[in-house]
Protein chains: 2
Amino acid sequence: MPPNEIDTVLDQIRAHGGRITTARRLVIGVLLDTHEHLSAEAITDIIRTEHPEVHLTTVYRTLESLAAIGIVAHTHLGHGAAVYHLGEIHQHLACEVCGALRDVPVSVLDDLRATLERDHSFVLHVGHFALLGRCAEHAADEVTSTSDG
Amino acid sequence: MPPNEIDTVLDQIRAHGGRITTARRLVIGVLLDTHEHLSAEAITDIIRTEHPEVHLTTVYRTLESLAAIGIVAHTHLGHGAAVYHLGEIHQHLACEVCGALRDVPVSVLDDLRATLERDHSFVLHVGHFALLGRCAEHAADEVTSTSDG
DNA sequence: CTGGCTGCAAATTATTTGCATAATC
DNA sequence: GATTATGCAAATAATTTGCAGCCAG
């Protein structure tokens, strides 16, 4: 984790009156390091290999705090735990067969947003739920609903 | 519940080797009657006003059976219980503020589907997650995330 | 030194599973 | 009469809450 990146996040926490603790450093570190989408439990497992004293509850609360500041967001990929990620809101494409996850800019939904607003007076918010379907590799498979979500 | 409608469903259950029981009649009856999107618990509560012996577990198992036949589907509207509905798969628009739910045909997603397939080789499946946002009445409200989902 | 944060236990919510009994075909 | 479905209890998974002590600011 490049010190500059983590310091930026820590500064944001301070700016919002939050305190810098070991647990918070570790959570942010994992998210910066992996740059993947991890569940609270997965984050905790990684932290615990080095710091077994950090509790799942604390990770949840840290993620909650970071979400309140707007630093992290979570998404639902299907049935099962939510996954957390740093940075900009984006849209997720999740393969129902293999679980492959792909991030796409929210702009792919611009047309849909315009349509919904025009035809249904509905203002779309994006990113909270993944879009489910099949990745290229599994597009031709039977429909067997592995992680239907 | 019009007898013809319920009989159609019962016939489909028989055709798949399932048995017709009081609990199943009641679950289907509630879904046909209300024509709304109800959680398993909500369905059970309605049934129990007249038939307190019907158990939540049975309702879950009935819904599972009906889903296997393709008669019901469930959707996630946000955080909280999934909601079940009879009939065609459709897309749901859920208001984060008031919870208002609106059904729209899956065809609103046709353009998005084409875009995702062309640009990301991703085959979109629809209906399992609602699209979240604001209904006309709450489009102008502050973003306070009531039922963010 | 004080209020925010943590650890731990326990509660909650949504759903699933095991098993003996009951009801359907 | 052979299965399938049900009732009830209990397990599971994901997340939240309560509370006393700890620690950052």
Side-chain angles (χ1 to χ4, degrees), chain A residues 7 9-28 37-45 47-48 51-69 72-84 128-129 145 147-149, chain B residues 9-28 37-45 47-48 51-69 71-84 128-129 145 147-149:
Chain A
D7 283 347
V9 175
L10 296 181
D11 281 346
Q12 286 177 268
I13 294 174
R14 284 191 200 93
H16 286 262
R19 293 179 179 178
I20 310 304
T21 66
T22 307
R24 289 184 173 186
R25 276 180 198 279
L26 290 167
V27 169
I28 298 161
H37 296 70
L38 300 170
S39 68
E41 190 158 31
I43 294 168
T44 307
D45 287 348
I47 290 175
R48 285 193 155 206
H51 298 266
E53 76 279 6
V54 174
H55 218 269
L56 177 57
T57 300
T58 302
V59 172
Y60 270 111
R61 281 193 275 225
T62 296
L63 292 169
E64 188 182 27
S65 305
L66 295 175
I69 298 175
V72 307
H74 74 268
T75 307
H76 302 274
L77 304 181
H79 293 162
V83 295
Y84 295 77
H128 195 81
F129 282 146
S145 190
S147 72
D148 77 317
Chain B
V9 175
L10 296 180
D11 281 346
Q12 285 176 269
I13 294 174
R14 284 191 200 94
H16 286 263
R19 292 178 180 179
I20 309 304
T21 66
T22 306
R24 289 184 173 187
R25 277 181 198 278
L26 290 168
V27 169
I28 298 161
H37 296 71
L38 300 171
S39 68
E41 190 159 32
I43 294 168
T44 306
D45 286 348
I47 290 175
R48 284 193 156 206
H51 298 265
E53 76 279 6
V54 174
H55 217 269
L56 177 59
T57 300
T58 302
V59 172
Y60 269 112
R61 280 194 276 227
T62 296
L63 292 167
E64 188 182 29
S65 306
L66 295 175
I69 298 176
I71 293 173
V72 308
H74 74 268
T75 306
H76 302 273
L77 303 181
H79 292 163
V83 295
Y84 294 78
H128 195 82
F129 281 146
S145 191
S147 72
D148 78 316

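Note that the coordinates shown come from a computational prediction; the quantities given were computed from them, not determined experimentally. Computed from heavy atoms alone, side chains included, the values below leave out hydrogens, waters and symmetry copies.
Using a 4.0 Å heavy-atom cutoff across all strands shown, E64(B) reaches no nucleic acid atom at all. Among the protein residues, G17(A) comes within range of no part of the nucleic acid, since none of its heavy atoms lies under 4.0 Å from any strand. Within 4.0 Å (heavy atoms only), R61(B) reaches at least one base atom of the nucleic acid. Using a 4.0 Å heavy-atom distance criterion, L56(B) is classed as a base contact.
Rounded to an integer number of Å, the gap from L10(B) CG to dT4(D) C1' is 16 Å. Following rounding to the nearest Å, H76(A) (NE2) and dA13(D) (P) show an atom-to-atom distance of 19 Å. Taking atom NE2 of H16(A) as the reference point, atom P of dA24(D) lies 22 Å away to the nearest angstrom. Between I47(A) atom CD1 and dG7(C) atom C1' the separation is 14 Å, expressed in whole Å. As rounded to whole Å, 11 Å separates atom P of dA5(D) from atom CG of L66(B). Across the protein-nucleic acid pair, H79(A) atom NE2 and dT16(C) atom C1' stand 13 Å apart, rounded to whole Å. Here the P atom of nucleotide dT16(C) and the CD atom of E41(B) are 14 Å apart, to the nearest Å. The distance between atom NE2 of H51(B) and atom C1' of dG7(D), rounded to the nearest whole Å, is 16 Å.
Residue T57(B) has no polar side-chain atom (N or O) positioned under 4.0 Å from OP1 or OP2 of dG7(D). Contact annotation: T58(B) side-chain N/O to dG7(D) OP1/OP2 distance is under 4.0 Å. Taking side-chain N and O atoms only, R24(A) has a distance below 4.0 Å to OP1 or OP2 of dC5(C).
Closest to the side chain of Y60(B), out of dT6(D), dA14(C), dT16(D), is dA14(C). The nucleotide whose nearest atom lies closest to any side-chain atom of H55(B) is, among dC8(D), dA14(D), dT6(D), dC8(D). Closest to the side chain of T21(A), out of dC5(C), dC8(D), dT16(D), is dC5(C). With dT6(C), dA2(D), dC5(C) as the choices, the nucleotide that has an atom nearest any side-chain atom of R19(A) turns out to be dC5(C). The nucleotide whose nearest atom lies closest to any side-chain atom of E53(A) is, among dT6(C), dG7(C), dT4(D), dG7(C).
A pairwise comparison of heavy atoms in V83(B) and S39(B) identifies CG1-N, 4.1 Å as the closest pair. The minimum heavy-atom distance linking T44(A) with A40(A) is given by the pair OG1-O, 2.7 Å.
One finds the CD1 atom of I71(B) at 11.5 Å from the OG1 atom of T62(B) (value rounded to the nearest 0.5 Å). Atom CD1 of I20(A) sits about 4.5 Å away from atom CG of L10(A), to the nearest 0.5 Å. Between the CD1 atom of I43(B) and the CG atom of L26(B) there is a distance of 11.5 Å, given to the nearest 0.5 Å.
Mapped onto DNA chain C by nearest heavy atom, A82(B) and T22(A) fall at different nucleotides, with T22(A) at the one closer to the 5' end.
With salt bridges taken as basic N to acidic carboxylate O contacts below 4.0 Å, one links D11(A) and R14(A).
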